[in-house]
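Below you'll find the structure, written out as structure tokens, and then a few comments.
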Amino acid sequence: MRIVVGAAGAGRVGLVDPSVSADPFETVRVDELPAIVRTLEARRPRWVWSDTRRWYPRLLADGVRVERAHDLLLAAAILDQSTATASLRGEGSHARPQWLPSGPVEAVQGTGVPAASSASHASLFEFDDFGGAGEAGGAADASAPGLHESSDLIGVPVAAVLAEHARQLALVASSNQPGALRLLLAAESAGALIGVELHAAGLPWHRGVHERVLEGELGPKPAPGRKPARMEELAAEVRSLLAAPAVNLDSQVDLLKALRRAGIDVESTSKWQLREHEHPAIEPLVAYKKLSRLYSANAWSWLDEWVVDGRFRPDYVPGGTATGRWATSGGGALQLPKNVRSAVVADPGWALVVADAAQLEPRVLAGLAHDESMAEAGRGRDFYSGIVGAGVVETRDQAKVAILGAMYGATTGESGRLVPRLARAYPKAMALVDRAAADGERGASVTTLLGRSSPPPGEEWRSVQSRASQPEATPADERRARSRARDWGRFTRNFVVQGTAAEWALCWMAVLRPKLVAIAAAAPDPDQRAHRSGAAFDRVPHLVYYLHDEIIVHTPRERADDVAVAVAAAAAEAGRLLFGEFPVEFPLDLAIVDSYALADA
DNA sequence: CGGCGCGGCGCC
DNA sequence: AAAGGGCGCCGCGCCG
């Protein structure tokens, strides 16, 4: 059963069961929505709405979780780009509606939900009607090129939502691969629910532990306007050793001049170039840069801005990148330096189940290409050792750079030299990525296993290519065109692997999520008040972090073993959803820990 | 003053 | 050790 949700006049929401009628079976005030959703959820519907990131925080704030959704915004971004639907879209009934922003998925402003509390959230439901007054008029603005910060898709009339849902179902049904697309849209929509839940739940963050890390590396918190003591010391040392008493180490231009005057022949100030030179100033300079990064990105001001009541709540953007990986907006959640991860600490009585998929991308490639030899190398624990065991290369490090080189399109260095050996051992896998690169080089789209397609190259790219094919093209034109073509080919080569890996990860989480709910239900908490008070995650194991191929579940300690079993089972199920009975394995590195920092050990 | 491109670097 | 793909955030420095 599906229930389509949309605006139905001033301050009201209409609920439609499309299998029965196009007219709402229920119309409620917006503040009544959580209650009715909670009731109807017992029938396990798939909720169809314009934009999960607009609708779901308001429900979750009242403690209402939903199991299934269909996110029209994310689904449209996939369907309107996919080669699987290419022959159908565009005209007539397949035209994308004007209320649906085109272009990449962007951050939604103002979805931040305060820490779960029992306060009334009625005010969170006040939305502008479709085309109504105020900034939300963007929804009715046919010229709107992208997703305006102010556009508010909860104001779209339920009839328009229903029509778009029908359009999408028709596109899927008449596509080249309806089964795969259905799975992708379900997984993408589950990801949207999870993204909102990750924000609402927050990552448990221990300010004291974090501050001890900072003091250990940087020294005490500096006074306003000052830099940390350890950075000042290193800066003074560098200035002295470069004989450049006034150089500003934070200025790339300034620093580069000083380095060259000191006889260090570098073209940039990047760490890897510096490391190729011998000079006493280099070690303290690299140390300064590392501390500078920590100080500006993840130190005291980051703590003040991002950690509230012991939780880090980044804004996740499911579908935020071309390949289907997520992005985040603010907080840098996907770039947390390893040395501050010790601050991720389970609540008392709780544990963290940390799991990452070992060598996910090469395994996905083996499955995509149906390369039995490559899958065989991954059977068991360590994929790279399997390649060594098969006699393809001599060392694990070689296996790793060769595989990365094959997936990223390396042409030079050790990686480039090793790739041909990989190609001889695993011709099917190599042919798949080579084909993806060749498609990209001629400007064609490539498509993941489940049907997400790469964006076309831009106008500028096409004009560079067409200029090079003119009779009067110069050798420089041709070189430039070849170079740009190969750049795009490296993108499409990686796209199919990275994008399909993102699909695996979405399926992993989508399968896991109801298992976590079931674990809580199987051993109900004696104290039920927490649920009724509106806190969605009290006593329930729940996802608190997601990083491309890695997840963290925060769970009552006595449920941690069950959670670990569920996480592993979900990984195996995800493999079957994508690759059926093809024998590619997806082993996890999994740990039950109090602190994220302990999961690496 | 804010906006933006860039170099650099954190993560996968 | 970097190389090859995907990102976001920071400070700097230039621009209007």
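So that the names make sense, note that chain A is the first sequence line, chain B the second, and so on, each numbered from 1. Side-chain atoms are counted along with the backbone in the values below, which use heavy atoms only and exclude waters and symmetry mates.
To the nearest 0.5 Å, atom CZ of residue R53(A) and atom CG of residue D315(A) are 7.5 Å apart. Remark: L512(A) CG to C507(A) SG distance equals 12.5 Å, nearest 0.5 Å. Atoms CD and CD, on E278(A) and E283(A) in that order, are 11.0 Å from each other to the nearest 0.5 Å. Note that the CZ atom of R230(A) and the CD atom of E233(A) stand 5.5 Å from one another [nearest 0.5 Å].
For an aromatic pair to be called close, the ring centres must be under 6.0 Å apart, and W508(A) with Y546(A) fails this. Ring centers of W205(A) and W302(A): under 6.0 Å apart, within the cut-off.
Rounded to an integer number of Å, the gap from D254(A) CG to dG7(B) C1' is 14 Å. Between Y295(A) atom OH and dG10(B) atom P the separation is 18 Å, expressed in whole Å. Atom CG of L285(A) is separated from atom C1' of dG8(B) by 12 Å (rounded to the nearest Å). Counting to the nearest Å, the P atom of dC9(B) and the NZ atom of K271(A) are 6 Å from each other. Atom CG of N339(A) and atom P of dC9(B) are 15 Å apart (whole Å). When the P atom of dC9(B) is taken as reference, atom CG of L294(A) falls 14 Å away, rounded to whole Å. In this structure, L249(A) places its CG atom 14 Å from P of dG8(B), rounding to the nearest Å. Protein atom OH of Y596(A) is 10 Å distant from nucleotide atom P of dC11(B), rounded to whole Å.
With a 6.0 Å radius and a threshold of 12 heavy atoms from other residues, nucleotides or ligands, K400(A) has its NZ atom at or below the threshold.
The pair R421(A)-E394(A) meets the salt-bridge criterion, since a charged nitrogen lies less than 4.0 angstrom from a carboxylate oxygen.
The phosphate of dC9(B) has OP1 or OP2 within less than 4.0 Å of a side-chain N or O from K289(A).
For DNA chain B, none of the residues of residues 401-430 of chain A falls under the heavy-atom distance limit of 4.0 Å.
In this pair, F586(A) and F579(A) present their aromatic rings parallel. The plane angle is below 30°, not in the 30 to 60° band.
Looking at heavy-atom distances under 4.0 Å, R341(A) makes contact with sugar-phosphate atoms alone, never a base. Across all strands, Q252(A) comes closer than 4.0 Å only to sugar-phosphate atoms, never to a base (heavy-atom distances). R325(A) comes within 4.0 angstrom of a base, heavy atoms only. Residue S292(A) is out of contact with every strand shown, counting any heavy-atom pair closer than 4.0 Å.
When DNA chain C is scanned in the 5' to 3' direction for atoms under 4.0 Å from non-hydrogen atoms of chain A, the outermost contacting nucleotides are dA1(C) to dG13(C).
Comparing E276(A) and W302(A) along DNA chain C, the residue whose closest nucleotide (by nearest heavy atom) sits nearer the 5' end is E276(A). Nearest-nucleotide positions on DNA chain C for V253(A) and G330(A) put G330(A) closer to the 5' end.
V209(A) and S342(A) get closest at one heavy-atom pair: CG1-O, 3.4 Å.
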